[in-house]
Amino acid sequence: IWKLLKHYTTPDRATIHFELGTKAALTTTLDGIHIGGAAGKHAIILNVNTVTKGFVEGSNNHYVGLVINKLATGGNNVQYIDPMSHASNPEILALVSSKLGLGVDQEISEYAGRLQFANIRRTSGSAAAVEVVEGNDVDCGVMLAYLMTLAVHDTELPLLPSSHDSVWL
């Protein structure tokens, strides 16, 4: 899946950071972007938990992404992309804000298009124990690759008319 993103996103368009599944890995990547990275775009693929949208060791089973545009003027524009359009994890966004030095007036924009829809229900107290009631919960990686490719190329992300519309690939 990530070969598609790499194929359609040439190095002059963005630096791609693949499948970060821990807070430590995200911290290291963000430090590299903030301290040593040149101006330009960075596409970061995060492997998170479906329910919490955070890092849960052994239970990361959903892909979301960050597209960071590091501006030559010193600022950053950050976009959080979840193909299911679920709310982001506050801990991850706080980490991104603090590591990139985002001010209070610099918000992290979130994709609200719901390209992929799945009604997920927790079946027990565990974050790993979920059941898909309806919809598509299997194509998040492919859909994220598509959405991030559009974002890196400054193309508007698609919005579906209904939260129950779902794309099957």
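Since the model is a prediction, treat every value here as computed from it, not as a measurement.
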Problem - N60 side chain vs N47 backbone, donor-acceptor pair below 3.5 Å - result: yes
Practice task
With sequence neighbours excluded, tell me which residues meet side-chain contact (heavy atoms from CB on, under 4.5 Å) with K99.
Solution key: T27, L30, D31, L95
Exercise for the section: Evaluate the side-chain proximity of L20 to I45: yes if any heavy-atom separation is below 4.5 Å, no if none is. Expected result: no
Problem - Trace of the side-chain contact (heavy atoms from CB on, under 4.5 Å) decision for L46 with L66 - result: CA-CA 8 Å; L46 303 174; L66 293 167; 4.0 Å; yes
Exercise for the section: May I have the step-by-step check of side-chain contact (heavy atoms from CB on, under 4.5 Å) for V67 and M148, ending in yes or no? Expected result: CA-CA 7 Å; V67 175; M148 290 186 78; 3.9 Å; yes
Exercise for the section: List for me each residue that meets side-chain contact (heavy atoms from CB on, under 4.5 Å) alongside N69, sequence neighbours excluded, and say none if there are none. Expected result: K41, L71, N77
Exercise for the section: State, with a plain yes or no, whether a side-chain heavy atom of K53 is found less than 4.5 Å away from one of D82. Expected result: yes
Handout entry: Distance, nearest 0.5 Å, that separates CG of N61 from OG1 of T50
Key = 3.0 Å
Practice task
Take the angle between the ring planes of H17 and H42 and call it parallel below 30°, perpendicular above 60°, tilted in between.
Solution key: parallel
Practice task
Determine whether I44 and I33 make a side-chain contact, defined as any pair of heavy atoms from C-beta on separated by less than 4.5 Å.
Solution key: yes
Handout entry: Nearest heavy-atom neighbours spanning A43 and V152
Key = CB-CG2, 4.2 Å
Problem - Residues in side-chain contact (heavy atoms from CB on, under 4.5 Å) contact with S88, at least two apart in sequence or another chain - result: Y80, L93, E110
Problem - N49 side-chain N/O to V56 backbone N/O, donor-acceptor pair under 3.5 Å - result: no
Handout entry: 4.5 Å side-chain heavy-atom contact, M143 and M84
Key = no
Problem - Residues forming a side-chain contact (heavy atoms from CB on, under 4.5 Å) with T28, sequence neighbours excluded - result: none
Problem - Flag side-chain contact, heavy atom, 4.5 Å: N89 against V48 - result: no
Fill in the blank from the handout: Smallest heavy-atom separation, C140 atom then P83 atom, equals O-CG, 3.6 Å
Handout entry: Atom of L157, atom of Q79 and distance for their closest heavy-atom approach
Key = CD1-NE2, 3.5 Å
Completion exercise
Of all heavy-atom pairs linking A151 and I81, the shortest is CB-CD1, 3.9 Å
Handout entry: Qualifying salt bridge (charged side-chain N to carboxylate O under 4.0 Å, His left out) pairs, either residue in residues 56-65, two or more places apart
Key = none
Handout entry: Beyond-backbone contact of L26 with F55, side-chain heavy atoms, under 4.5 angstrom
Key = yes
